[in-house]
Trainee: 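Structure below; questions to follow.
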Amino acid sequence: MTRGGDALLSLALLGALVAASLPLLRVLAGGLWVATSLFVVCSILAVGVVLRRLRAPAIVTTIVELVVAVALVTLFFFSGSAVLGIIPTPATFAELPTIAAAASQQIVEGIAPVAVERPLAALVVSAVAALAILLDHTVVTARMPLLATVALVAVWLIPALAVPARTDVAAFVVLAVSALLLIRAETRSRERATLHLAADSVSDHPEDAGAPTRRSGAAAAVTATVAVAAILAAVVITPELPRPAPRAGVGTGPATTINANLELGDDLRRPVEVEVLSTRTNAPTMPYLRAATLSQFDGDVWEPDRGDTVPLSPEALGPVTAGPDIRVTEYLTTVTIDQLNSPWLPIPGPAVRVDDLAGSWEAMPANRTVVAADAATPGQEYLTTTHVVRPTLEQIQAAGTTTEGLSDALTALPDDMPDIIAETASEITADATNDYDRLAALQRWFRSAAFSYSLDAPVSDGFDGSGVDAIADFLDERAGYCVHFASAFAVMARTLGMPSRIVIGYLPGTLTGESVDDQSVATVSSSQLHAWPEVNFAGIGWVQFEPTNSLGAPQTYTRSTQPVPADGGQDVTEETAPEEAAPLAPEDAPTPTPTASAPTGTAAGESPVAVALPYAGVVVGVIVLLLIPALVGAFRRRLQLAAAGRGDVLAAWRFVRESARDIGEAVPASESPRALGARLAAYAGVPEDRVESLVGAVERASFGRDTDRVGRAPGRAAASDARAIRAALLASVSAPRRTTAVLLPRAVFTA
């Protein structure tokens with residue numbers, strides 16, 4: 001490499017790393033970790049440049065870069081337990097499991113963009129440092145910029161996998177340009193070295209002066225084309241590949257989870273649904289199951305609540321309070337988890353206690369949810385006790401909504417909100433005289449024929465947005481799924497001055513016809529993942545609404561003049577505290593009535609071929625991507641032999657040089673054809689006469705003054721010799737090396 005070439009490559013690599021990492025800001029909130037990562041990467045690459053100037057061996061360069069990375073990560077995140085702040089000690093390594101566990105919890109429970117605290121920052125900076133060392137070795141030492149580009153594309157795709165959305169065209173263009181500049185920088189370095197080494201030959205043969213540049217330029221063009229194809233394949237084709245559906249059945253393990261960031265579209269559009277849990281209850285209808293609540297809304301995304309948690313105990317969730325003369329009834333529900341793996345526990349609401357859970361769990365009293373501390377949902381069977389507030393119609397109409405004792409976040413709205421949202425809310429509720437009637441009018445409007453339920457509605461970024469722009473589009477299109485209905489209802493309630501939030505959980509499920517202890521059993525499938533809004537009323541608490549058209553069942557309230565029906569529940573009085581309430585006798589339990597449920601898939605009737613198609617598509621896609629280098633290499637060799645057949649003997653020699661590189665043979669640019677030929681002839685089975693014939697043809701073509709000697713016949717002979725030499729070289733090496741030579745030809749990955 002010429003002086004300055006390593007610095008140019010390192011600078012190009014820095015730009016490519018930054019371009020590939022920028023989309024991570026969609027997943028991780030910006031902060032000091034960004035500057036820290038940039039400083040660590042710059043330090044690593046600078047160390048590499050200095051050591052290569054000093055002609056340090058490649059392995060030494062990589063080791064020193066690793067030492068620098070460890071020292072910097074220790075300085076920024078573990079200096080308190082390190083010697084001189086940069087040398088890790090046993091105490092430093094003892095922190096790592098705790099840091100990893102905390103970072104994992106941040107990732108699992110967070111919502112994009114995740115706030116990057118110390119544990120997650122340490123993990124991200126360490127990962128970026130490791131990537132920088134790996135790519136520095138790949139690009140500058142191993143001279144494989146295209147292989148590095150594939151790794152950069154993988155990093156660029158992380159946000160698309162974590163937060164599905166349309167391709168960020170601007171970020172893609174920046175990445176593509178950076179990748180091509182990286183490849184071009186490596187190519188220029190090669191050009192300089194080739195021109196310096198060929199200077200004497202060029203001075204003797206001025207007619208060939210432009211040949212190295214033309215050949216390097218052609219190689220750069222081929223490499224750039226392959227790079228663009230690889231990037232397009234990763235960005236455009238990969239997201240369109242069919243995704244494997246979860247499989248139901250014994251022993252398949254957890255197949256689904258609960259997404260707390262309102263990106264429910266992919267879960268609801270699964271081609272095959274699975275049974276995630278089952279319930280049985282003494283309530284008159286099967287209950288909704290709540291898992292997480294989202295109260296903070298910045299105009300673009302709803303944030304899940306992160307309130308104070310306490311260890312789950314019989315008293316952790318606290319009692320339900322209601323106004324005077326408002327009825328509170330206790331129900332018992334048993335939930336059995338099958339194929340669900342989630343940090344949030346699905347429970348009916350409002351729950352006052354949860355019993356029989358295995359592992360360590362925490363309660364969030366502010367919203368009556370339960371989250372895992374050191375436990376897992378699969379295989380859990382637990383009993384929940386709920387105290388349901390049951391006001392009459394007159395009581396809820398008179399109560400009105402209230403913000404007393406609540407956070408301002410529950411009424412917050414963005415400044416720049418489309419006018420259609422508030423105007424529509426005002427128009428629909430114009431004739432109502434109280435808060436409940438206003439909300440009931442909104443609910444009736446959403447559930448009317450004016451709207452339709454659709455998983456393919458063209459709403460913001462395809463159909464998965466929940467921000468104010470998506471709501472405006474939804475009100476115009478009037479088609480969407482639960483996220484759109486719930487988000488629109490909650491935001492419109494806030495425009496009317498009412499505190500609102502969104503709950504994520506499951507619809508009541510579908511009755512199976514079976515019963516256990518005289519309680520009917522319902523199953524809940526992955527397609528019944530759901531979101532709904534709640535509004536806070538004075539003396540009643542959070543009241544659930546169901547605006548999603550054609551799903552679920554809105555709550556109804558009887559008038560005070562109507563008799564209270566017996567429904568099997570037990571009224572909670574001052575003499576019966578929540579933790580002392582006696583369980584109902586099985587004979588008092590009523591038979592639940594069916595409730596509306598989400599549209600179900602056809603998992604039971606799917607043919608084996610239909611079930612297998614998504615997997616087959618992924619397998620075929622992976623195989624095609626893996627074969628791309630082999631196909632490009634074969635096509636390249638075919639072009640070289642075709643050129644040789646037309647009289648270009650040097651094309652046949654390039655064919656042989658690249659074949660030698662494929663099997664791991666070093667092929668310096670300064671080595672003469674005769675010297676390389678002598679080394680290749682030493683391989684077992686390589687025909688010496690063929691090598692001698694081809695070397696002689698190359699020398700005559702390169703240095704002979706009689707151009708008539710170069711024609712189609714010598715070219716065809718050279719092509720034949722080249723094919724024979726490559727076949728013998730491949731046969732002379734081990735099977736693993738031979739396979740690598742065919743599947744990963746080096747000429748494809750280097751300019």
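Reckoned from all heavy atoms, side chains included, excluding hydrogens, waters and symmetry mates.
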Trainee: So Ser454 and Ser452, side-chain hydrogen bond (donor to acceptor under 3.5 Å, both in side chains) or not? Walk me through it.
Mentor: CA-CA 6 Å; Ser454 171; Ser452 61; over 6 Å; no
Trainee: Measure the spacing between CG of Leu551 and OH of Tyr481 and express it to the nearest 0.5 Å.
Mentor: 12.5 Å
Trainee: How many angstroms lie between CG in Asp408 and CD in Gln296, if you round to the nearest 0.5 Å?
Mentor: 11.0 Å
Trainee: Do you see a donor-acceptor pair shorter than 3.5 Å between the side chains of Asp437 and Gln397?
Mentor: yes
Trainee: Can you tell me how far apart CG (Leu383) and OG1 (Thr334) are? Round to the nearest 0.5 Å.
Mentor: 4.5 Å
Trainee: Would Arg390 and Ile326 satisfy side chain to side chain contact (heavy atoms under 4.5 Å, CB included), going step by step from the backbone distance to the final call?
Mentor: CA-CA 7 Å; Arg390 303 176 65 188; Ile326 295 181; over 6 Å; no
Trainee: Between Thr281 and Leu332, is there a side-chain heavy-atom distance shorter than 4.5 Å?
Mentor: no
Trainee: Report yes if the side chains of Val370 and Glu362 come closer than 4.5 Å at any heavy-atom pair, otherwise no.
Mentor: no
Trainee: Is any side-chain heavy atom of Ser525 less than 4.5 Å from a side-chain heavy atom of Val276?
Mentor: no
Trainee: Can you tell me how far apart CG (Leu529) and SG (Cys482) are? Round to the nearest 0.5 Å.
Mentor: 7.0 Å
Trainee: Determine the minimum heavy-atom distance between Leu317 and Ala351, stating which atoms define it.
Mentor: CD1-O, 3.7 Å
Trainee: Taking the side chain as every heavy atom from C-beta outward, state whether Pro508 and Thr285 have any atom pair closer than 4.5 Å.
Mentor: no
Trainee: Please find the pair of heavy atoms, one from Trp33 and one from Ala121, that lie closest to each other, and give the distance.
Mentor: CB-CB, 4.0 Å
Trainee: If you take all heavy atoms of Ser295 and Asp305, which pair is closest and at what distance?
Mentor: OG-OD1, 2.9 Å
Trainee: Rounded to the nearest 0.5 Å, what's the gap from OG1 on Thr386 to CD1 on Ile347? Could you check?
Mentor: 9.5 Å
Trainee: Side chain to side chain contact (heavy atoms under 4.5 Å, CB included), that's the test. Do Val521 and Thr279 meet it? Break it down for me.
Mentor: CA-CA 6 Å; Val521 177; Thr279 60; over 6 Å; no
Trainee: Please confirm whether the backbone N or O of Pro499 pairs with a side-chain atom of Thr411, one donor and one acceptor, at under 3.5 Å?
Mentor: no
Trainee: Mind listing the closest non-hydrogen atom pair of Tyr453 and Ser550 along with its distance?
Mentor: CB-OG, 3.6 Å
Trainee: For the residue pair Phe485 and Phe474, categorise the inter-ring angle as parallel (less than 30°), tilted (30 to 60°) or perpendicular (more than 60°).
Mentor: perpendicular
Trainee: Determine, stepwise, if the pair Phe545 / Phe489 fulfils ring-ring contact (aromatic ring centres under 6.0 Å, His included).
Mentor: CA-CA 9 Å; Phe545 289 85; Phe489 186 98; 5.4 Å; yes
Trainee: Is the shortest side-chain N to carboxylate O distance from Asp355 to Arg353 below 4.0 Å?
Mentor: yes
Trainee: Quick check for you: to the nearest 0.5 Å, what is the distance between Thr401 atom OG1 and Leu496 atom CG?
Mentor: 9.0 Å
Trainee: Do the side chains of Gln395 and Asp325 get nearer than 4.5 Å, heavy atoms only?
Mentor: yes
Trainee: My understanding is that only residues two or more places apart in sequence, or in another chain, count here; which of them pass side-chain contact (heavy atoms from CB on, under 4.5 Å) with Pro554?
Mentor: Gln443, Arg447, Glu546
Trainee: Are Asn536 and Thr402 close enough, and set up right, to give a side chain to side chain contact (heavy atoms under 4.5 Å, CB included), and what steps lead you there?
Mentor: CA-CA 6 Å; Asn536 191 60; Thr402 180; 3.4 Å; yes
Trainee: By the definition side chain to side chain donor-acceptor pair (under 3.5 Å), identify the one residue from Glu534, His530, Gln544 that meets it with Arg290.
Mentor: Glu534
Trainee: Hey, is the main chain of Gly318 close enough, under 3.5 Å, to the side chain of Arg368 for a donor-acceptor pair?
Mentor: yes
Trainee: Can you tell which of Thr429, Asn434, Val535, Ile396 makes a side-chain contact (heavy atoms from CB on, under 4.5 Å) with Leu439?
Mentor: Val535
Trainee: Side-chain contact test, heavy atoms from C-beta onward, threshold under 4.5 Å: evaluate it for Thr495 versus Leu413 and give yes or no.
Mentor: yes
Trainee: Show the numbers, then the answer: is there a side chain to side chain contact (heavy atoms under 4.5 Å, CB included) between Ile421 and Thr424?
Mentor: CA-CA 5 Å; Ile421 300 176; Thr424 303; over 6 Å; no
Trainee: Any side-chain heavy atom of Asn367 sitting closer than 4.5 Å to one from Arg501?
Mentor: yes
Trainee: Go through the structure and list residues passing ring pair (Phe, Tyr, Trp, His ring centres under 6.0 Å) with Tyr557, not counting sequence neighbours.
Mentor: Tyr436
Trainee: Is a side-chain donor or acceptor of Asn549 paired with a backbone partner of Phe451 at a separation under 3.5 angstrom?
Mentor: yes
Trainee: Set out, in order, the CA-CA distance, both residues' side-chain angles and the distance that settles ring-ring contact (aromatic ring centres under 6.0 Å, His included) for Tyr288 and Trp532, then state yes or no.
Mentor: CA-CA 10 Å; Tyr288 280 67; Trp532 63 89; 5.0 Å; yes
Trainee: Are the side chain of Arg559 and the backbone N or O of Thr392 linked by a donor-acceptor pair below 3.5 Å?
Mentor: no
Trainee: Indicate the atoms forming the closest heavy-atom contact of Thr548 with Ala531, along with that distance.
Mentor: OG1-O, 4.2 Å
Trainee: Just by modelled atom types, is the Thr333 backbone N or O under 3.5 Å from a matching donor or acceptor in the Thr384 side chain?
Mentor: yes
Trainee: On the 0 to 90° scale, with breaks at 30° and 60°, tag the Trp302-Phe297 ring pair as parallel, tilted or perpendicular.
Mentor: parallel
Trainee: Kindly say whether the aromatic ring centers of Trp542 and Phe537 come within a distance under 6.0 Å.
Mentor: no
Trainee: How about Asp435 and Arg438: do any of their side-chain heavy atoms sit closer than 4.5 Å?
Mentor: yes
Trainee: Can any side-chain N or O of Ser313 pair as donor or acceptor with the backbone N or O of Ala316 at less than 3.5 Å?
Mentor: yes
Trainee: Keeping Asn341 on the side-chain end and Thr377 on the backbone end, is there a donor-acceptor pair under 3.5 Å?
Mentor: no
Trainee: Between Leu289 and Pro348, what is the shortest heavy-atom contact and its length?
Mentor: CD2-N, 3.7 Å
